[in-house]
Amino acid sequence: MMQMYFTTTSAFLLSLIGISTNRTHLMSMLLCMESMTLILFLSMAASSISNTNTTPITIIMVAMGACEASTGLTLVTITTQKNTNDYVKNLNLLKC
């Protein structure tokens, strides 16, 4: 159990480091966020093996992850069509 805790924690921290260092492309940031969501889902699923009360939470987590992935893909598609690239520095939230 300790090895699994260490693996999930280190993978989550690596994804967090990936977000903070790879800030050039929007797609790479979204992939790091998706991996963080999957790591949280895996840790929730592993904890629900011993406790059956947390099973609905894992199902909600998967549904939220699917919504996040579809929203992120839509955002990448729209910004790529509008700006012809997905650089984060070209995104200006004040311009509509």
Side-chain angles (χ1 to χ4, degrees):
M1 188 68 179
M2 190 66 173
Q3 181 183 9
M4 186 174 150
Y5 175 74
F6 175 73
T7 304
T8 55
T9 305
S10 62
F12 188 82
L13 288 176
L14 282 173
S15 297
L16 193 61
I17 290 169
I19 286 178
S20 63
T21 57
N22 298 327
R23 295 179 59 143
T24 55
H25 293 284
L26 181 64
M27 188 65 176
S28 65
M29 291 177 64
L30 289 174
L31 281 173
C32 288
M33 288 173 40
E34 184 68 25
S35 67
M36 290 171 68
T37 305
L38 288 174
I39 291 165
L40 286 175
F41 167 69
L42 287 174
S43 64
M44 291 293 289
S47 68
S48 71
I49 291 172
S50 61
N51 187 4
T52 58
N53 293 334
T54 59
T55 304
I57 295 172
T58 58
I59 295 171
I60 292 170
M61 190 89 167
V62 168
M64 294 299 286
C67 293
E68 174 204 357
S70 65
T71 305
L73 186 60
T74 303
L75 285 174
V76 167
T77 305
I78 290 171
T79 56
T80 303
Q81 287 177 351
K82 182 180 175 186
N83 298 329
T84 66
N85 58 19
D86 66 337
Y87 292 130
V88 176
K89 67 178 181 177
N90 291 342
L91 299 178
N92 189 358
L93 296 178
L94 298 176
K95 275 195 296 187
C96 292

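Basis for what follows: all heavy atoms, side chains included, without hydrogens, waters or symmetry-related copies.
Under the 4.5 Å side-chain heavy-atom criterion for Ile, Leu, Val, Met, Phe, Trp and Tyr, L40 and M33 are members of the same hydrophobic cluster.
Residues G72 and L30 share a closest heavy-atom pair of O-CD1, 3.4 Å.
In terms of modelled atom types and a separation under 3.5 Å, the side chain of T9 and the main chain of F6 share no donor-acceptor contact.
A distance of 12.5 Å separates OG1 of T8 from CE of M44, quoted to the nearest 0.5 Å. Between the CD atom in Q3 and the OG1 atom in T7 there is a gap of 5.0 Å [rounded to 0.5 Å]. Here M36 contributes atom CE and L16 contributes atom CG; the two are 5.0 Å apart, rounded to the nearest 0.5 Å. For the atom pair OH (Y5) and OG (S10), the distance works out to 10.5 Å, reported to the nearest 0.5 Å. How far CG of L42 is from CE of M4: 7.0 Å, rounded to the nearest 0.5 Å. The distance from the CZ atom of F12 to the CG atom of L38 is 12.0 Å, given to the nearest 0.5 Å.
Residue pairs meeting the ring pair (Phe, Tyr, Trp, His ring centres under 6.0 Å) criterion with at least one partner in residues 26-67, sequence neighbours excluded, do not occur; the list is empty. Applying the side-chain hydrogen bond (donor to acceptor under 3.5 Å, both in side chains) definition to pairs two or more places apart or across chains, those involving residues 11-29 are S15-S35, H25-D86.
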